[in-house]
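Taking it in order: structure first as structure tokens, then the write-up.
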Amino acid sequence: MRYIVNAILFLVPLSFLPGIRNVFELPKQAMFRILLMILLFLVVRKVVQVGKLEILDIFRKRRVKLMMLAFVALLFVGGVFSIAPRLSFWGSYFRMQGIYSFLNYLLFFLLLAGVMRKREDWEQGFKWLGYGLVVSVFYGFWQKLGFSGFDLEAASLGRVFSSFGHPNFFASYLVILFFPLMWRRKWILLGLAVLGIWMAGSRGAILGLGAGLMFYAFFYGLYENKKAFVALLLLPAVLGGMFLFGGGRLDFAGEALRSVETRTSVWKSATEMIDERIFTGYGMETFQIAFAKFADKELLELERIGSSPDKAHNTFVEMMASVGLLGLGLYLFILFGIFAEGLRSRKMEVYAVLSSFFAACVMYMVGFAVTSDIILMTFLLVYLAWLLSGGTVKIKASKLFKKVGIWVTGIFAVCSIIFISVFDVVADRMFHEGRYDIATLLRPEQSYYAYFYAGAGGGLETLERAGEFASFQDPYYYFLKGRLTGEEKYFEKAQELAPLYSPTLYHWGKLYVDAGECALAEVKFREYLALVPDDWRAEGDEKRLFYKHNSNFDRIFDAMAECDIELDNIL
């Protein structure tokens with residue numbers, strides 16, 4: 001069983017499949033879920049054989065039980081009060097962080113608590129995490145040299161993302177792993193981690209690393225060596241050097257400044273969004289469809305016109321938007337409970353783990369967690385529980401469990417592997433090849449596939465299924481329905497739900513062009529050009545950046561030409 005845990009820790013962060021559409025996150029989820037089901041079956045088989053299950057005695061504490069109950073309640077709030085419950089359960093296509101995924105993380109947490117009972121088990125786990133770090137950093141260096149098959153300049157402005165799909169995800173994973181390795185004095189691995197963070201050029205990761213180092217140094221100086229406080233004086237120089245030599249990403253100018261401005265714009269608009277459902281939020285994984293109504297026009301000047309962020313890039317804003325004050329209270333109860341339990345100890349090993357969580361809290365003030373991060377933090381959370389435990393307690397298996405446990409678990413595991421994990425990968429492969437019908441058949445609950453299929457000939461029936469998945473709250477459903485039916489009322493609804501989604505105005509105008517109603521088309525094109533930034537008329541970098549994000553913008557002029565609409569008349 002320990003070997004399966006090690007396989008999860010080593011393989012999941014390294015998993016990606018270039019032959020599918022969702023190259024990075026989906027393979028990680030599939031790999032994790034397959035290995036998790038195997039681990040579940042092996043644990044159940046062992047329990048049936050020995051007739052009992054051993055768990056860490058810390059789980060008998062009332063506070064710990066309440067924290068676990070709060071986690072389940074948090075998922076309950078994120079689903080029951082969701083504006084799109086099915087979307088909240090399964091998660092969005094690109095992030096896959098719905099309730100189902102978090103139930104898998106919870107299962108991983110519980111299985112780890114029953115499997116990892118000896119220090120040898122944990123040391124093996126950290127060893128395989130170290131192997132994964134080495135491979136990921138060397139692969140990132142290979143990318144930096146231009147031999148990985150990915151165009152770094154086009155994908156991430158020259159920043160390295162290794163097997164994680166985004167430089168920020170790569171860097172945040174290294175930061176979370178950094179502090180347990182520091183306590184173990186794995187200097188070569190720490191050097192590689194710093195190299196990886198530098199190649200990724202993630203500002204959030206560097207801030208998180210600095211915060212974690214300060215947290216670690218404080219307790220190290222308090223309980224181990226008071227001279228270690230000197231490290232606090234050295235940190236500004238170290239971090240300043242990383243800012244200075246961070247590949248140009250950290251000068252807060254040009255394109256490097258755009259991500260900062262984008263986040264502040266999203267946070268500002270998200271506060272208005274939160275006000276409308278302040279107590280319960282909109283549901284897990286619904287940020288993108290709910291935010292579209294509140295987006296500020298400033299966002300169009302920073303990102304691709306028509307795009308809508310799917311994350312708030314701030315943990316607390318995300319929590320408020322997803323689960324409201326009710327869920328935020330549960331989240332803070334869990335978070336403070338973890339630190340309260342850990343800070344009672346005087347073990348630097350414990351403080352190393354807490355430093356990882358503290359660093360993550362700082363990083364996620366400007367970002368968010370993905371699959372690899374959450375799996376690693378789940379591992380560290382159970383490790384923390386093991387460090388704080390005095391031993392184990394035994395729970396006897398019931399007679400019924402002994403009789404049917406293996407069969408029920410085996411059937412569940414096989415069905416889960418085939419009908420979820422394998423189907424996920426095969427469906428995405430079909431989607432990548434343009435076979436939208438098969439992708440939709442294999443994953444009928446995935447609206448992303450259904451939207452493409454509907455537009456490629458799947459018809460209104462397919463579109464209705466996609467709309468139902470998001471409880472008809474997704475503005476893109478109404479936009480696409482307007483295009484398929486040619487009825488204005490759907491464009492009107494799309495614009496109501498997403499006022500800044502400029503493609504609505506373009507296709508609305510195109511509808512009039514095709515109908516020969518050029519006067520009405522001119523009105524819509526006028527609204528379209530008034531909505532988008534004026535950068536398309538600028539010169540130099542502003543114009544270059546605009547067309548980099550909006551390569552098909554000139555189609556508006558082709559549509560205007562069909563009705564002999566003069567640009568000067570509109571402007």
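When reading the values below, keep in mind they use all heavy atoms of this one structure, side chains included, and skip hydrogens, waters and symmetry mates. Since this is a predicted model, take the numbers as computed values, not measurements.
Within a 6.0 Å radius of CZ in Phe333, other residues, nucleotides and ligands contribute more than 12 heavy atoms. Summarising the local packing, CZ of Phe141 is surrounded by 12 or fewer heavy atoms from other residues, nucleotides or ligands at distances under 6.0 Å. More than 12 heavy-atom neighbours from other residues, nucleotides or ligands sit within 6.0 angstrom of CZ on Phe339. When the shell of 6.0 Å around CD1 of Ile188 is examined, it contains 12 or fewer heavy atoms from other residues, nucleotides or ligands.
A salt bridge links Glu123 with Arg119: the distance from a Lys NZ or Arg NE/NH1/NH2 to an Asp or Glu carboxylate oxygen falls below 4.0 Å. A salt bridge links Lys311 with Glu285: the distance from a Lys NZ or Arg NE/NH1/NH2 to an Asp or Glu carboxylate oxygen falls below 4.0 Å. One finds no salt bridge joining Arg443 and Asp428 here, because no Lys/Arg side-chain nitrogen approaches an Asp/Glu carboxylate oxygen to under 4.0 Å. For the pair Arg63 and Glu341, the salt-bridge criterion is met [side-chain N within less than 4.0 Å of a carboxylate O].
Two residues are said to be in side-chain contact when any heavy atoms from C-beta on lie closer than 4.5 Å; Pro180 and Leu380 meet this criterion. Residues Met37 and Asn104 are in side-chain contact: their nearest non-hydrogen atoms beyond the backbone lie under 4.5 Å apart. The shortest side-chain heavy-atom distance between Met68 and Lys65 does not fall under the 4.5 Å cut-off. Asp121 is listed as a side-chain neighbour of Lys118, based on a closest heavy-atom distance under 4.5 Å. In this structure the side chain of Tyr3 never reaches within 4.5 angstrom of the side chain of Leu42, judged on heavy atoms.
Arg159 and Asn168 share a donor-acceptor pair across their side chains, judged by distance under 3.5 Å alone. Remark: the Tyr105 side chain and the Gln97 side chain contain an N/O donor-acceptor pair separated by less than 3.5 Å. Counted by atom type alone, Ser92 and Gln288 present zero donor-acceptor pairs between their side chains at under 3.5 Å. Ser101 and Arg95 share no donor-acceptor pair across their side chains, judged by distance under 3.5 Å alone.
Distance alone, capped at 3.5 Å, places no donor-acceptor pair between the Arg185 side chain and the Met182 backbone. A donor-acceptor pair under 3.5 Å is formed between the side chain of Glu318 and the backbone N or O of Ala312. A distance-only check finds no donor-acceptor pair linking the side chain of Ser269 to the backbone of Val266 [under 3.5 Å]. A donor-acceptor pair is defined here as one N or O able to donate and one able to accept, closer than 3.5 Å; such a pair exists between the side chain of Tyr351 and the backbone of Ser345. Asn6 places no side-chain N or O within donor-acceptor distance of the main-chain N or O of Trp128, the cut-off being under 3.5 Å. A donor-acceptor pair under 3.5 Å is formed between the side chain of Trp142 and the backbone N or O of Phe147.
Note: Leu192 CG to Leu174 CG = 9.5 Å, rounded to the nearest 0.5 Å.
Both cation-pi conditions hold for Lys28 and Phe164: the charged atom is under 6.0 angstrom from the six-membered ring centre and inside a 45 degree cone around its axis.
Proximity of the aromatic rings of Phe161 and Phe170 is defined here by a centroid distance below 6.0 angstrom, and this criterion is not met.
Considering Phe109, Phe126, Phe179 in turn, Phe126 is the only one that fulfils the ring-ring contact (aromatic ring centres under 6.0 Å, His included) rule with Tyr383.
For Ser356 against Ile176, the heavy-atom pair with the smallest separation is OG-O, 2.6 Å. Between Met96 and Tyr93 the shortest heavy-atom distance is CG-O, 3.5 Å. Here the closest heavy-atom approach between residue Thr378 and residue Leu112 is recorded as O-CD1, 4.3 Å. The shortest heavy-atom contact between Val350 and Gly342 is CG1-O, 3.4 Å.
In this pair, Trp386 and Trp122 present their aromatic rings tilted. The plane angle is within the 30 to 60° band. In this pair, Phe10 and Tyr131 present their aromatic rings perpendicular. The plane angle is above 60°, beyond the 30 to 60° band.
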